[in-house]
Amino acid sequence: MGVIRQKLRTRNWVYKVLPLGMLVVVILLSLSIGAVTITLDRFNFALHQLLTLPQAEWGYETVIIWQLRFPRTLLAAAVGAALATAGAVLQGLLHNGMADSHVLGVSSGASLGASIAMLLGLRIGFLGLGAITPMAFIGSIVTLVIVISISRRIAGKSTLGLLLAGIAMSSFLSSLVSLIVYFSGERIQPLVFWLMGGFSARNWNHFLAVIPYLAGGYFITYIYHRYLTAISLSDATAHNLGVNVEKVRLILLCCSALLTAASVAVSGGIGFVGLMIPHIGKIFVGHNYRLLLPTSALFGAIFLVVADLLARTIIRPAELPVGIITALCGGPFFLYLLAKRRKEIL
Amino acid sequence: MNRKLILVLALVLIIALSGCAQLNIFPNQETITVTDDMGREVNLSTTPARIISIAPSNTEFLFALGLSEKIVGVTDFCNYPADAAAKERVGDFANPSVEKIIGLKPDLVVAASLHQEVVEQLDQLNIPVIVIDAKNIQHILDSVDMLGMATGANEAAETLTKQITDDLELVDSKVMTLSEDEKPLVYFEVWNDPIMTAGPNTFIHELITRAGGVNIAADAPTDYPVYALEDLIARQPEVMIYTHGAETAEQIKDRQNWETIHALKYGRIYLVEEDLVLRPGPRIAKGLIELSKRLHPDIWE
């Protein structure tokens, strides 16, 4: 017994520290690669300018590091972590390995909000973000409220009812987005790019605006990891263990919707992270959410930082939408895993 | 007996008539064949009298060739010259209405390459269509030629070609006096969100180069790449040209994180009329002059 415990503890330690180290490495890589390669010397120089000069007197390299790459990289990490966490939570709550933020209609709600903002040519700024981010956020929250109340009224407490209501809502909202795309003519350009997802030209304002929601959503979720593990086994198990399944499910649903809403609002439609990363997490740490939540978050962050690095370097000086990269790399990789490690995933 | 006679007479008549047709008793104008920009060979048997243009640049060409009397239809996007406003509309540039086109009974339709489907439909209805899709300045001159031939406006085409060529030569002669060092690095903003510029195989690239500038995106992989802000900042363009009008020069100056860019720092941001430089029509040399004046105000004094 003691030996097994000892082994488990080592395993936990490895699985916590190793991804964290990898995340630091990919973040450093992302900071140093791009239009200008930032070496240690230059980094020191930029740090010096950051600390001693007002922004108006910075050299362009300093601007590139502190104002472009830093917020962008951190945003990619935060969004990757949030999407993966939301995916892991939803898969557990709904007892369905195919669940991710799309099944609740939250992503489509965000898309609709963003497209309305663009269609109306809304110029109202909010915290220096422009109209798109807040509108996307509002769109997803409104959608979540509608989906939950509809599913309660129609299907009561069944998770299948929630899934179906979410999917129906999702395709309804997507068709509204298509309708807007169809009628938006010239203004369509930014919308098309937004729908493909990406971190192009994101700055500190975007990061600071969403990080409270992402951090809050993640920590509340983590507090409930025990209940989540229980519910993911089965609702009956959780109930027998004394978990108020209804209440916990509602809280966790709201958390994952919050994580998704804030992510989608700043990064557009980035697919595949929420679906794929939790399964990869399960291969390494199993189904215990105490480990699965942080592992998924770290893997998600690593994956999206790398994807963003590729998106902005592959066809330099042009940029690809990161959503294309995530699906392009993620799809085949996931199919490979599915074929090789079927047992752990399914 | 009678019946046989009628039959014989009818036969004789038929043969005689068909012979007349061969003898060209109804004299046709000689048939003109032009090869258009889709590689289609188009036979035009008469000088067109009812012409429809379904692209703004084509409308400009037709008016510049003095064919305004013959134009019976244009698109909603045809905003130049002002007389185009008085013409019948056949829909917008991207989606012209085939029914409306047919209703106007044209004997020539001038389309663009994005009209593939419309062209196919009109072909089946035996309505002559030529497609013009100029990819560079020389190509514009060729288009003028082709259009002149197709519409019987050869002389007007020659005059127009001469005008355009003169303007081009004026620019060339001025730019020739510049050394390579005097040619500024130019960022041409096609769109502001996301920031998009023009790659090496575009009209804009040719215009920038010919106007005496160096295109910042000369190494870009696509025609209209979404450009990385990092690269924009790192390359320090000296002049920024934009056409979208989504922002004023003052607003652009205030863009966050753009302040280190040379062009913004020294206030060299210019709005150029979109239709002059983005529309591959007869005013392209005017657009070139306009652009060159922004890049090199000194040589244009």
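Naming: A, B, ... by sequence-line order, numbering from 1 per chain.
Atom NZ of B:Lys183 is surrounded by more than 12 heavy atoms from other residues, nucleotides or ligands within 6.0 Å. Heavy-atom neighbours of A:Met22 CE from other residues, nucleotides or ligands within 6.0 Å: at or below the threshold of 12. When the shell of 6.0 Å around OH of A:Tyr213 is examined, it contains 12 or fewer heavy atoms from other residues, nucleotides or ligands.
Within the 4.5 Å cutoff, side-chain heavy atoms of B:Gln256 are placed close to those of A:Asn205. The side-chain heavy atoms of B:Glu230 and A:Pro317, taken from C-beta on, include no pair separated by under 4.5 Å. Contact of the B:Gln236 side chain with the A:Tyr60 side chain is registered, since non-hydrogen atoms from C-beta on lie closer than 4.5 Å. Two residues are said to be in side-chain contact when any heavy atoms from C-beta on lie closer than 4.5 Å; B:Leu229 and A:Ser200 fail this criterion.
In this structure, CZ on A:Arg316 lies 8.0 Å from OH on B:Tyr227, to the nearest 0.5 angstrom. Between A:Asn203 atom CG and B:Asn257 atom CG the span is 6.0 Å, to the nearest 0.5 Å.
Ranked by heavy-atom pairs shorter than 4.5 Å toward chain B, the options A:Leu68, A:Val63, A:Leu320 are led by A:Leu68. Among the candidates B:Pro221, B:Ala94, B:Pro225, the residue making the largest number of heavy-atom pairs closer than 4.5 Å to chain A is B:Pro221. Ranked by non-hydrogen atom pairs under 4.5 Å with chain A, the options B:Ile216, B:Thr260, B:Ile195 are led by B:Thr260.
With a threshold of 4.5 angstrom between heavy atoms, A:Ile315 approaches chain B through its backbone and through its side chain.
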